Amino acid sequence: MTDNPVFERIQQEIGGSDVVLFMKGTPVFPQCGFSAAVVQALSHLGVKFKGVNVLEDPGLREGIKQFSNWPTIPQLYVKGEFVGGCDIVREMFQSGELQELLHSHGIDAQPVG
Amino acid sequence: MSDETMAARIERRLQDSLAPARLKVVDDSHRHAGHSGWREGGETHFRVEIVAPAFEGLSRIARQRMVYDALRAELEERVHALQVRTLTPAEDAARRTS
């Protein structure tokens, strides 16, 4: 599809795990409040996801913005599809749509605790 | 450099491109002082709530892209974070009565 190596890496990431979050920092140690908010929503639903730390790679940090045509981070992908950034994920979490979306893809998501 | 604040500029851009029924732009920069992306002088973190008929029938992603597109220059220049809430007039009305 592309010979851009960053786009290839992104394709591999979003194809390699059901739920992928491009974020600043790691799920255990987010380095941005907006990334932390998405981690929290996913964790609340007990969703297994892969965090990709864009701060480790400036090329990826810019590349993901072009790839998604979305200028901010975090960015959530489910089954290879872009779901949205922090505001959208938060709204969908609050309305129950996030859980629905995950279920529709056969991904376990139940409020924990 | 004009005297216009960044909040006013964001408001003007969104007024011009999306003709909102209601628009609120809040400068949240002071709440992020010292965090990554913050700069001396602030004007880096904003919150936008926008109600526009133009959002009718569009996904959340499509709506927010319209907002980002309108603010492309501002995002490149100094706006580090932009929280966005998009609503159609009908959604806004439903929210207010519920």
Side-chain angles (χ1 to χ4, degrees), chain A residues 14 20-26 29-41 53-58 61-102 104, chain B residues 6 10 13-14 17-18 23-39 44-52 55 58-88 90-92 94-95 98:
Chain A
I14 64 176
V20 181
L21 179 64
F22 294 88
M23 62 179 291
K24 293 182 179 174
T26 63
F29 187 46
Q31 296 191 45
C32 156
F34 302 111
S35 290
V38 176
V39 168
Q40 209 179 7
N53 183 1
V54 303
L55 296 179
E56 281 176 355
D57 182 346
R61 184 174 175 173
E62 284 317 303
I64 188 68
K65 294 179 184 176
Q66 291 164 13
F67 182 87
S68 314
N69 182 26
W70 195 261
T72 56
I73 289 157
Q75 298 186 9
L76 181 67
Y77 276 82
V78 173
K79 290 273 185 185
E81 248 178 67
F82 180 52
V83 175
C86 176
D87 302 308
I88 289 177
V89 172
R90 200 151 33 181
E91 275 178 39
M92 290 179 72
F93 171 67
Q94 281 162 2
S95 67
E97 285 164 89
L98 182 61
Q99 202 173 343
E100 264 170 45
L101 173 81
L102 292 162
S104 74
Chain B
M6 183 55 88
I10 289 172
R13 292 255 191 250
L14 293 174
S17 51
L18 293 169
L23 174 63
K24 191 168 81 175
V25 178
V26 179
D27 185 340
D28 261 346
S29 306
H30 61 283
R31 295 176 54 200
H32 299 270
H35 294 186
S36 73
W38 182 81
R39 297 196 209 177
T44 50
H45 291 67
F46 293 87
R47 196 152 36 93
V48 169
E49 186 171 298
I50 179 166
V51 179
F55 295 143
L58 296 178
S59 69
R60 286 195 174 90
I61 290 175
R63 295 174 186 190
Q64 197 162 331
R65 273 202 183 114
M66 288 165 79
V67 172
Y68 282 147
D69 282 345
L71 301 174
R72 191 171 294 266
E74 289 71 24
L75 282 162
E76 273 169 23
E77 217 173 286
R78 89 171 281 136
V79 175
H80 167 77
L82 186 69
Q83 277 178 271
V84 182
R85 184 168 169 83
T86 57
L87 297 160
T88 62
E91 288 166 352
D92 187 43
R95 187 182 60 153
S98 66

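Residue numbering restarts at 1 for every chain, and letters A, B, ... go by the order of the sequence lines. This one's a predicted model, so the numbers in the text were calculated from it and none came from an experiment.
Heavy atoms closer than 4.5 Å to chain A are found in both the backbone and the side chain of B:Ile61.
No more than 12 heavy atoms of other residues, nucleotides or ligands lie within 6.0 Å of CD in A:Gln40, so this atom counts as exposed by the packing criterion.
Separation of atoms CG (B:Leu75) and OG1 (A:Thr72) is listed at 8.0 Å; rounding is to 0.5 Å. Within the model, atoms CG of A:Asp87 and CD of B:Glu49 stand 11.0 Å from one another, a figure rounded to the nearest 0.5 Å. Between the CZ atom in B:Arg60 and the CD atom in A:Glu97 there is a gap of 4.0 Å [rounded to 0.5 Å].
Residues of residues 73-85 of chain A lying within less than 4.5 angstrom of chain B, judged on heavy atoms, are A:Phe82, A:Val83, A:Gly84 in numerical order.
Across all non-hydrogen atoms, the minimal contact from A:Ser68 to B:Arg65 is O-NH2, 2.6 Å.
Aromatic ring pairs are classed by plane angle as parallel below 30°, tilted from 30° to 60° and perpendicular above 60°; the pair B:Tyr68 and A:Trp70 is perpendicular.
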